[in-house]
Amino acid sequence: MAVQVPSRQLFIDGEWREPILKKRLPIINPATEEIIGNIPAATAEDVELAVAAARRALSRNKGKDWATAPGSARAKYLRAIAAKVTERKTELAKLEAIDCGKPLDEAVWDIEDVAGCFEYYADLAEGLDAKQKAPVSLPMETFKSYVLKEPIGVVGLITPWNYPLLMATWKVAPSLAAGCAAILKPSELASITCLELAEVCREVGLPPGVLNILTGLGPEAGAPLASHPDVDKIAFTGSSATGSKIMAAAAQMVKPVSLELGGKSPIIVFEDVDLDKAAEWTAFGCFWTNGQICSATSRLIVHLFLEDIISHS
């Protein structure tokens, strides 16, 4: 699986920028434990630059360049990103596989889902235009009421290592579709493809500051992002312990958060089930992505009717 790991910097304000403290972290291939490259390590100083860039992106041209632009305009960028991801699918899948350790076939499916996700939110961005200023019926004719959908502002997105680019996309794509400016902090354990997403955005001409990508350690880059007063919302996927810290930091400013933390997802087996299929899908769900997934079906909740059948089979 020969693939060259690109050497990248932080992506801030539409440009590659060396970390202010010039720190870098090794990239370790989990299959061989070999160092195959390195990534930039952002600190609080770089977070300040990224937040300022995101703020400028929202206010540029009085918001008309992004935040208040028609959803159809943002959709064009999302579709262009999807097309570029599809164009680079083979390369991105190989990078994903050597970075996070998953089988190449699974990595290919993930990259296909990345493109599909950007396409999906492009459709939703276009749909926002029809919903703007939708009238609300009121019992009194002397009053008028409308629904106005607005982006929340600057969002901080912190993502895990098991689906590096896909889970980042689940946060990035809806943020951009809504007209927000985003700062993505992927896991330091698997950041290669997220930095390549930055290159894709640069190539399609995404306005500067709309998406900024900071790689680095949680305490040095993630924590300053989560607690920054000019970040309007945090979305985080990861451990319950880190999620608790993010919620506590956000609470000081009454900042909204979206948290997806840990989890053990059961398979529910009803009495009328095809047991062979239930066994097949349970094994599939449990060992998919090497079992390193929050929705791994490592628990079963089985109908009492099946107890004797299972115990004697």
Side-chain angles (χ1 to χ4, degrees), residues 1 29-32 78 82 85-86 88-124 157-175 177 186-187 189-194 197 235-243 258-313:
M1 193 191 300
N29 182 336
T32 63
L78 296 179
V85 167
T86 299
R88 296 183 58 187
K89 178 177 71 173
T90 300
E91 176 200 0
L92 291 172
K94 289 179 179 179
L95 290 172
E96 199 79 295
I98 64 173
D99 197 19
C100 75
K102 67 174 56 187
L104 181 58
D105 284 350
E106 291 186 23
V108 170
W109 296 330
D110 287 357
I111 302 304
E112 290 173 346
D113 284 348
V114 167
C117 187
F118 276 108
E119 289 282 1
Y120 174 81
Y121 281 103
D123 290 343
L124 290 187
L157 314 174
I158 304 175
T159 54
W161 54 265
N162 55 342
Y163 286 82
L165 186 54
L166 181 56
M167 295 199 77
T169 298
W170 287 354
K171 289 176 170 44
V172 168
S175 299
S187 168
L189 299 177
S191 298
I192 296 176
T193 51
C194 288
L197 175 61
F236 169 77
T237 298
S239 71
S240 297
T242 302
S258 298
L259 305 175
E260 182 189 351
L261 311 176
K264 281 285 187 177
S265 302
I267 283 276
I268 302 175
V269 184
F270 292 97
E271 58 184 315
D272 60 347
V273 75
D274 179 327
L275 283 178
D276 288 337
K277 283 198 176 294
E280 177 186 351
W281 282 106
T282 299
F284 175 86
C286 191
F287 295 105
W288 183 253
T289 311
N290 306 326
Q292 297 161 334
I293 177 174
C294 59
S295 55
T297 52
S298 53
R299 293 191 299 137
L300 286 91
I301 298 175
V302 182
H303 194 283
L304 279 174
F305 178 79
L306 300 172
E307 183 178 17
D308 289 340
I309 299 175
I310 293 174
S311 61
H312 290 96
S313 61

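FYI, side chains are in, hydrogens and waters are out, and symmetry mates aren't considered; it's all heavy atoms of this structure.
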Legend entry - Heavy-atom closest contact (P160 atom, S187 atom, distance): C-CB, 3.7 Å
Legend entry - Spatial distance of atom OG1 (T282) from atom CD1 (I267) [nearest 0.5 Å]: 4.5 Å
Inset, instruction - Run through V114, D110, V85, D113 and flag the one making a side chain to side chain contact (heavy atoms under 4.5 Å, CB included) with T169. - result: V114
Inset, instruction - Given side chain to side chain contact (heavy atoms under 4.5 Å, CB included), test C117 with W170 step by step and report yes or no. - result: CA-CA 7 Å; C117 187; W170 287 354; 3.7 Å; yes
Legend entry - Gap between atom OG1 of T237 and atom CE of M167 - 0.5 Å precision: 4.0 Å
Legend entry - side chain to side chain contact (heavy atoms under 4.5 Å, CB included) between L95 and T193, intermediate numbers included: CA-CA 7 Å; L95 290 172; T193 51; 4.1 Å; yes
Inset, instruction - Considering non-hydrogen atoms only, spot the tightest contact between A115 and A82 and give its length. - result: O-CB, 3.5 Å
Inset, instruction - With side chain to side chain contact (heavy atoms under 4.5 Å, CB included) as the test, would you mind laying out the steps for S239 and L261 before giving the verdict? - result: CA-CA 5 Å; S239 71; L261 311 176; over 6 Å; no
Legend entry - More than 12 heavy atoms of other groups within 6.0 Å of I301 CD1: yes
Legend entry - Heavy-atom closest contact (T297 atom, W281 atom, distance): OG1-O, 4.1 Å
Inset, instruction - Would you indicate whether the side-chain heavy atoms of L157 and S175 approach each other to under 4.5 Å? - result: yes
Inset, instruction - State whether K94 and E91 are salt-bridged, where the test is any N-O pair (Lys NZ or Arg NE/NH1/NH2 against Asp/Glu carboxylate O) under 4.0 Å. - result: no
Legend entry - Heavy-atom side-chain proximity of V269 to H303 below 4.5 angstrom: no
Legend entry - Where Y121 and A173 come nearest, the two heavy atoms and their spacing: CD1-CB, 3.7 Å
Inset, instruction - Could you grab the distance from atom CH2 of W161 to atom CG of D99, nearest 0.5 Å is fine? - result: 11.5 Å
Inset, instruction - Please round to the nearest 0.5 Å and tell me the distance separating atom CD of E106 and atom CG of L166. - result: 12.0 Å
Inset, instruction - Hey, could you give me the CG/CZ distance between L78 and F118, rounded to the nearest 0.5 Å? - result: 6.5 Å
Inset, instruction - Working to the nearest 0.5 Å, report the span between CD of E260 and NZ of K171. - result: 6.0 Å
Inset, instruction - Return yes if some donor-acceptor pair links the side-chain N/O of S298 with the main-chain N/O of C286 below 3.5 Å, else return no. - result: no
Inset, instruction - May I ask you to decide if L165's main-chain N or O and E96's side chain share a donor-acceptor pair within less than 3.5 Å? - result: yes
